[in-house]
Amino acid sequence: MNGHNLSSVIRRVLFGAIFLCSTSPLVRGDDLTGTHPSPPAVIGTEITANLVNMIFLFDRVASNPPRAATKNYLARVSEPSSPLYPDYVEYQQGKIDRLELEKRLPHVAMLGDSLTQNFHFSSMASSFWRARTQWRKNWFLDTDPNPEGIFSVYERLEYLTPLVATEYNGAGALVTARGTPENLRKKLVRARNFPGQVNRVLRATRFPDLIIVWIGHNNLDWVHGLSSEERERPENRLQTLAAQFRLNYTESLQCLIDRAKMENHRVAILIFGLANMDAYLQARRKEEMLHTQNRKLYPHFNSGPRSFESLKPPYQKNMARLTLMMNAELRTMVADLKRQLNNTHHVHLEYSDALTKVDFSRLELINSVDGWHPSMEGHKVLADAAFNALRPSLVFLRTETRPTRKTRLLVSNYQPR
C-alpha cells in the first residue's frame with residue numbers, strides 16, 4: 001500500500017471515529033441505571049474501538065504519558081536528611097535496583113472526568129484528538145516550568161518530596177455500576193468510567209499512597225432519556241439519580257479501601273465534592289449573552305447543550321439541585337465509610353468541598369472556546385484549592401509540609417493535632 005492510500009485509509013478511519021463519537025451520546029441511560037447492552041452490541045463496540053486504536057497507535061507517541069516522576073529523585077533521596085535515604089543506601093549496596101527505588105517513592109493517583117483533563121470542545125476532529133492525547137497540562141499534573149503556566153498539584157508536591165504521579169481521568173467519565181461496559185465513545189477516546197479507573201489503579205504494580213477523586217459531573221444530565229411528561233415532574237428522577245450515584249460511587253470506592261487495608265503502607269484517599277453548578281450556570285448565562293452579541297466569542301458555546309441536554313435553560317435549575325443532592329450523598333458516604341475505618345489506622349478517608357467553593361461564575365475561569373470546561377486560569381485556581389485541601393492527608397502520610405527546595409509558593413507548616 002503506497003503512502004497516499006495509507007493516508008486515505010487513516011483519514012477515513014479518523015472521520016469514521018469522529019462521526020461515531022459525535023453521534024454516540026455522552027451519557028446513556030444504561031450507564032446510569034446499570035442496564036447492560038446486548039452481547040452483539042458489546043462485541044461490535046470492542047471491534048470498532050480496537051480497530052481505531054490500532055490505526056492510531058502513533059498518537060501515543062505524539063502525546064505526553066499520563067504519568068510523571070521527579071527527574072532528579074536519585075539526587076534528592078541520596079541526601080542523608082531525606083526520609084528515603086535508607087532506601088537509597090539499599091540501592092547503593094545493590095540490594096534493590098533503580099526500578100524498585102522508584103517504586104518506593106510516594107505515589108499519587110488522580111481519578112476524574114474532563115474537569116481534571118486539559119480538554120474543551122471545538123471542531124469534531126480536534127475534540128477527538130484532544131480527548132485521546134491531552135494528558136498533563138491540567139491542575140493535577142503539569143510539568144511545564146513556565147512560571148506563567150499551571151502550577152499543578154504534582155509540581156507543588158515536588159517541592160515537598162520526590163514522587164510519581166499518574167492520572168486516570170478521562171473526558172465523559174461517569175460514576176456507574178461496576179461491570180457496566182464502556183460505550184463506544186469512551187473506548188474511542190480512551191476514557192474510562194469510575195469503575196474502569198479504579199480497576200486500573202488496582203492492577204498497577206504499585207498501589208498509591210495518595211488517591212484523589214473528583215468525578216460525577218457527567219452524572220448531572222438528569223433529563224437524558226426522559227419523556228416530556230417526566231421532565232415536568234423531575235422529583236422522583238432526581239432522587240433516584242442521587243441514590244444510584246451514591247450506591248455506584250460507594251461500590252468502586254470500597255474496592256480502593258479494601259485494597260488499601262491490605263497494603264503495608266499508609267494510604268490517604270481524598271474525595272472532592274462536585275463543582276458549584278449555581279456559580280457555573282451564572283457564567284454560562286453571561287457567556288450566552290456575549291455569544292449572542294458576537295458569534296466569535298465562545299464559538300463552540302452550543303456544543304454543551306447538544307451533548308449534555310441538562311445545560312439547556314429549562315433544565316439548569318434542577319441540574320444545580322441534583323449537584324447539591326449528590327454532594328450531600330458524597331458527604332454522608334464518606335462519613336459512613338470513615339466510621340468503618342475506626343480500627344484501621346493506616347487508611348485515611350476524607351471529603352473536601354474545596355473545589356466546590358471555586359467560584360466558576362468568573363468568566364476567566366471558563367474556557368473561551370466552548371464556555372464549558374476550565375480555562376488555563378481555571379486550572380490554576382483549581383490547583384491552588386486542591387493543594388490546600390491536601391494538607392491533612394499529607395500530615396497523615398507523614399509527608400513533610402515544609403518545602404525541601406526553593407519554591408514559588410508559600411506552604412503553610414500545617415501541624416497535626
Side-chain angles (χ1 to χ4, degrees), residues 83-84 105-112 115-116 139-141 151-169 198 201 207-216 249-250 252-254 256-261 263-276 326-358 380-405 407 409-417:
L84 295 165
L105 297 177
H107 280 56
V108 183
M110 179 73 222
L111 288 70
L115 296 194
T116 300
W139 63 264
F140 170 70
L141 180 55
F151 193 17
S152 67
V153 167
Y154 166 75
E155 290 172 299
R156 295 166 190 246
L157 287 173
E158 269 200 317
Y159 283 97
L160 308 179
T161 179
L163 74 152
V164 177
T166 307
E167 52 177 318
Y168 297 95
N169 43 271
V198 167
V201 173
F207 192 74
D209 303 275
L210 174 61
I211 301 172
I212 306 170
V213 186
W214 194 36
I215 193 170
Y249 204 121
T250 303
S252 287
L253 181 58
Q254 189 68 61
L256 292 175
I257 293 172
D258 290 345
R259 172 64 180 275
K261 289 178 179 179
E263 294 296 315
N264 60 2
H265 61 82
R266 291 184 170 223
V267 178
I269 304 174
L270 179 59
I271 307 298
F272 280 118
L274 305 182
N276 185 332
M326 287 184 172
N327 279 343
E329 294 287 356
L330 287 177
R331 285 192 295 272
T332 304
M333 175 195 71
V334 170
D336 289 346
L337 291 172
K338 285 182 73 171
R339 282 191 286 272
Q340 298 174 23
L341 289 171
N342 283 339
N343 297 320
T344 306
H345 303 296
H346 71 287
V347 181
H348 175 80
L349 178 65
E350 186 175 359
Y351 173 85
S352 173
D353 62 0
L355 302 189
T356 307
K357 291 179 178 179
V358 172
K380 291 179 183 179
V381 173
L382 288 167
D384 192 55
F387 180 73
N388 288 332
L390 284 179
R391 287 172 182 152
S393 295
L394 296 178
V395 170
F396 171 80
L397 294 171
R398 298 175 179 170
T399 300
E400 177 59 67
T401 55
R402 291 171 297 185
T404 57
R405 50 187 287 211
T407 175
L409 85 163
L410 296 174
V411 180
S412 299
N413 184 16
Y414 186 100
Q415 297 293 338
R417 298 178 193 176

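For reference, positions follow the sequence shown, starting with 1. Nothing here was measured: the structure is a model prediction, and the numbers come from that model.
Residue Asn169 comes nearest to Leu111 through the heavy atom pair CB-C, 4.3 Å, listed as atom of the first residue, atom of the second, then distance. Phe207 and Leu256 get closest at one heavy-atom pair: CZ-O, 3.7 Å. What you find for Ser393 and Leu270 is that their closest heavy atoms are OG-CB, 4.4 Å. A pairwise comparison of heavy atoms in Ala275 and Leu115 identifies CB-CD1, 4.5 Å as the closest pair. The two residues Pro208 and Val201 come nearest to each other via the heavy atoms CD-CG1, 3.8 Å. Considering all non-hydrogen atoms of both residues, Pro392 and Ala389 come closest at CD-O, 3.5 Å.
Taking CG of Leu157 as the start and CG of Leu394 as the end, the distance is 6.0 Å to the nearest 0.5 Å. In this structure, the separation between CZ on Arg398 and CZ on Arg266 is 3.5 Å, given to the nearest 0.5 Å. How far CG of Asn388 is from NZ of Lys357: 11.5 Å, rounded to the nearest 0.5 Å. The line from OG of Ser152 to CD of Glu158 is 8.0 Å long, rounded to the nearest 0.5 Å. Expressed to the nearest 0.5 Å, how far CZ of Arg391 lies from CG of Leu160 amounts to 9.5 Å. One distance of note links CZ of Arg339 with CG of Leu349; it measures 11.5 Å at 0.5 Å rounding.
Side-chain contact between Trp139 and Val358 is absent, with no heavy-atom pair separated by less than 4.5 Å. Within the 4.5 Å cutoff, the side chain of Glu155 has no heavy atoms near those of the Phe387 side chain. Side-chain atoms of Tyr168 and Val198, non-hydrogen and from C-beta on, never get closer than 4.5 Å to each other. His265 is not listed as a side-chain neighbour of His107, based on a closest heavy-atom distance of 4.5 Å or more. Considering only heavy atoms from C-beta on, Met110 comes within 4.5 Å of Thr116 through its side chain. For the pair Leu84 and Pro106, the minimum side-chain heavy-atom distance is below 4.5 Å. You'll find the side chain of Arg156 reaches within 4.5 Å of the side chain of Phe151, heavy atoms only. Contact annotation: the side chain of Leu163 never approaches that of Leu105 to less than 4.5 Å [non-hydrogen atoms, C-beta and beyond].
With hydrogens and angles disregarded, a donor-acceptor distance shorter than 3.5 Å links the side chain of Thr356 to the backbone of Leu274. Looking at Asn327, its side chain never comes within 3.5 Å of a backbone N or O of Gly273 through a donor-acceptor pair.
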CA sep, side-chain torsions, deciding dist, call: Gln254, Leu337, side chain to side chain contact (heavy atoms under 4.5 Å, CB included): CA-CA 8 Å; Gln254 189 68 61; Leu337 291 172; 3.3 Å; yes
Derivation and outcome, side chain to side chain contact (heavy atoms under 4.5 Å, CB included), residues Met333 and Lys338: CA-CA 9 Å; Met333 175 195 71; Lys338 285 182 73 171; over 6 Å; no
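Ring geometry, Phe272 versus Trp214: the interplanar angle exceeds 60°, so the pair is classed perpendicular (tilted spans 30 to 60°).
Paired with Val108 under the rule side-chain contact (heavy atoms from CB on, under 4.5 Å), one option of Leu390, Asp209, Ile212 passes, and it is Ile212.
Here Asp353 does not pair with Arg331 in a salt bridge; the nearest charged N to carboxylate O distance is not below 4.0 Å.
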